[in-house]
Colleague: 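My questions will all concern the structure given below.
Quick note on labels: first sequence line is chain A, next is B, and so on, each numbered from 1.
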Amino acid sequence: MNTRPEAAPLLSVRGLAKYYGTRIGCTDVSFDLWPGEVLGIVGESGSGKSTLLSCLAGHQQPDRGEIHFDGRDLLAMSEPERRRLSRTEQAFVHQNPRDGLRMGISAGGNIGERLMAVGARNYGQIRETGLDWLGRVEIAGARIDDRPSAFSGGMQQRLQIARNLVTAPRLVFMDEPTGGLDVSVQARLLDLLRGLVRDLGLSVVLVTHDLAVVRLLAHRLMVMKSGQVVEQGVTDQVLDDPQHGYTQLLVSSVLQV
Amino acid sequence: MNVASADNYNFAYLDEQTKRMLRRAILKALAVPGYQVPFAPREMPMPYGWGTGGVQVSAACLVPEDRLKVIDQGADDTTNAVSIRKFFQRVAGVATTETTTEATVIQTRHRIPETPLKEDQILVYQVPIPEPLRFLEPRETETRRMHALEEYGLMHVKLYEDIARHGEIATAYAWPVMAEGRYVMTPSPIPKFDNPKLSDCPAIQLFGAGREARIHALPPWTKVVSLDFEDHPFQASKADHACEICGSCESYLDEVITDDQGGRMFVCSDTDFCSTRSNAQQSGAA
């Protein structure tokens, strides 16, 4: 299931910590993410998953620790470089598509924004790429000029994914990509994500509280509690044979239908 | 010179410290073409939106030897133009003119004169919203960062939306431009017909936005490019008619409704250009 790890990890995190005043956001987080690998981060609300993700994605400045992306020190990088990276080689899928989309701009414009931001200046080509990506995320091409506000929640989320993947990033951060969607829409979205991750060889850091989502998507799993990583390992191993008391509680709390 | 003005007012209305502040901002703006320099606008004896920014920039530029021309949408004889001209006559005592070639300082609202400008002239624009990204990104902190980092993809998203919705870039005025390959700026809302005149202009072009407290500028001979797509290039356009007074096919035209029966006529928006032409025609005929 896992692609063969290459010589160097794509994302390498050491001793990362973020405090909100005296309260702990997350602390002492270390992991490596290899090319083509999906890392799930699970934990209850307030366990520091989202703090960790926003530190990794550069939305927040961590207080301690190191983050290396493809051998480059993210925290030492200048802001223009950092932002260029987050437009090209990295992507961020928000839980609420309204945070990640421009709601007043057509679907095609949403997909084209990253292309135009890196210098695409040919309308025909931008539009063609837009149509191609709408197809890949299973949205009818005829809706290219509709605004996202006319889309259903599931379509908005798929559009957000298309908008993020159009510049072929190598690393995608996802914050509860299936949150707020009903189960059948969730299932389709997960299917789609799994296909895209495999076809494009994406590395993904996936934050969720839904164990079914990580079971389907994640190769490796990190369990967080109170800002700390309490357990990490291969997904199936962690879920089938949880070692830490909190992980055991988490796994046993899942409702069976 | 008007005696009352000399007694009661400092030359050109503003006090010298304010002019100093304005001139510093203008010099900085000239040094960084297209960059919006903040300044501290003063209360002016006219409402915001009537050209308070332009008036302050003009006041900072004027010297007693200057000859001032004021136009509003190209016309010398509309309320806004007349009142600003009178204002400076009164508080600066400078000579005024309606002839573009004679003026040394030209304050304008929404037009560039048809007559080509010269090297010793200053063109002062009244600007309502100096931020080209304003309606795309409401946060000032974010737009400043975007300028600093040259993140102008969003500007093209707007043009993309125009083509997607209307089949062409439907922007007719305030078409965004790139100054000297660095800063995207709004040319104040001039019609896109005037955009090519911004580039390689021998005159100094100053843009003053009073309410928004920003000055930007184009030094002479600055390269100014209108943003576009490779397959949808920028095209300057005007109404497809000739002026009904002077017959010019080259000048920018205003459409004037003449009655409620659908009657209309097209006339030059630049009144000086139009009257100079029609006078020449009459004297030629006579």
Colleague: Does a side-chain heavy-atom distance below 4.5 Å link A:Arg127 with B:Tyr160?
Modeller: yes

Colleague: Is it the case that atom CZ in B:Phe266 sees more than 12 heavy atoms from other parts of the structure closer than 6.0 Å?
Modeller: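 Yes - once you tally the heavy atoms of other residues, nucleotides and ligands closer than 6.0 Å, there are more than 12.
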
Colleague: Among A:Asp145, A:Ile144, A:Asn110, A:Val118, single out the residue with the greatest number of heavy-atom pairs under 4.5 Å to chain B.
Modeller: A:Asp145

Colleague: Would you say that more than 12 heavy atoms from the other residues, nucleotides or ligands in this model lie under 6.0 Å from the CD of B:Glu142, or not?
Modeller: yes

Colleague: With a 4.5 angstrom heavy-atom cut-off, could you sort out which part of B:His232 is near chain A: side chain, backbone, both or neither?
Modeller: side chain

Colleague: Can you list the residues of residues 66-90 of chain A that sit under 4.5 Å from chain B, counting heavy atoms only?
Modeller: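 Residues in range: A:Glu79, A:Pro80, A:Arg83, A:Arg87.
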
Colleague: Inspect the surroundings of CZ in A:Arg64 and state if more than 12 heavy atoms from other residues, nucleotides or ligands are less than 6.0 Å away.
Modeller: no

Colleague: As an exercise: rank B:Asp231, B:Asp228, B:Val157 by heavy-atom pairs under 4.5 Å with chain A and give me the winner.
Modeller: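 When all of B:Asp231, B:Asp228, B:Val157 are compared, B:Asp231 has the most.
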
Colleague: Could you list the residues that satisfy salt bridge (charged side-chain N to carboxylate O under 4.0 Å, His left out) with B:Asp72, not counting sequence neighbours?
Modeller: B:Arg109

Colleague: Within a radius of less than 6.0 Å around CZ of B:Arg182, do more than 12 heavy atoms belonging to other residues, nucleotides or ligands occur?
Modeller: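 Counting neighbours around CZ of B:Arg182, more than 12 heavy atoms of other residues, nucleotides or ligands fall under 6.0 Å, so yes.
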
Colleague: Is the count of non-hydrogen atoms from other residues, nucleotides or ligands lying under 6.0 Å from A:Arg14 atom CZ greater than 12?
Modeller: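 Atom CZ in A:Arg14 is packed in, count exceeds 12.
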
Colleague: More than 12 heavy atoms of other residues, nucleotides or ligands under 6.0 Å from CG of B:Asp240: is that the case?
Modeller: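 Atom CG in B:Asp240 is not packed in, count stays at 12 or less.
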
Colleague: So what's closer than 4.5 Å to chain A heavy atoms on B:Leu159: side chain, backbone, both or neither?
Modeller: neither

Colleague: Is there a donor-acceptor pair closer than 3.5 Å between any side-chain N or O of A:Asn122 and the backbone N or O of B:Glu230?
Modeller: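 No, A:Asn122 side chain to B:Glu230 backbone: no donor-acceptor pair under 3.5 Å.
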
Colleague: Check whether more than 12 heavy atoms from other residues, nucleotides or ligands sit under 6.0 Å from atom NZ of B:Lys28, and answer yes or no.
Modeller: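 Count not over threshold, so no.
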
Colleague: Given side chain to side chain contact (heavy atoms under 4.5 Å, CB included), test B:Leu154 with A:Arg102 step by step and report yes or no.
Modeller: CA-CA 11 Å; B:Leu154 202 51; A:Arg102 292 191 186 274; 3.3 Å; yes

Colleague: Determine whether more than 12 heavy atoms belonging to other residues, nucleotides or ligands lie under 6.0 Å from atom NZ of B:Lys223.
Modeller: no

Colleague: Rounded at 0.5 Å granularity, tell me how far CZ in A:Arg147 sits from CD in B:Glu161.
Modeller: 7.0 Å

Colleague: Quick check against the 3.5 Å criterion: does B:Glu151 have a side-chain atom that pairs as donor or acceptor with the backbone of A:Ala117?
Modeller: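 Judged by distance alone, no pair lies under 3.5 Å.
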
Colleague: Under a 4.5 Å heavy-atom cut-off, does chain B meet the side chain of A:Leu115, its backbone, both or neither?
Modeller: neither

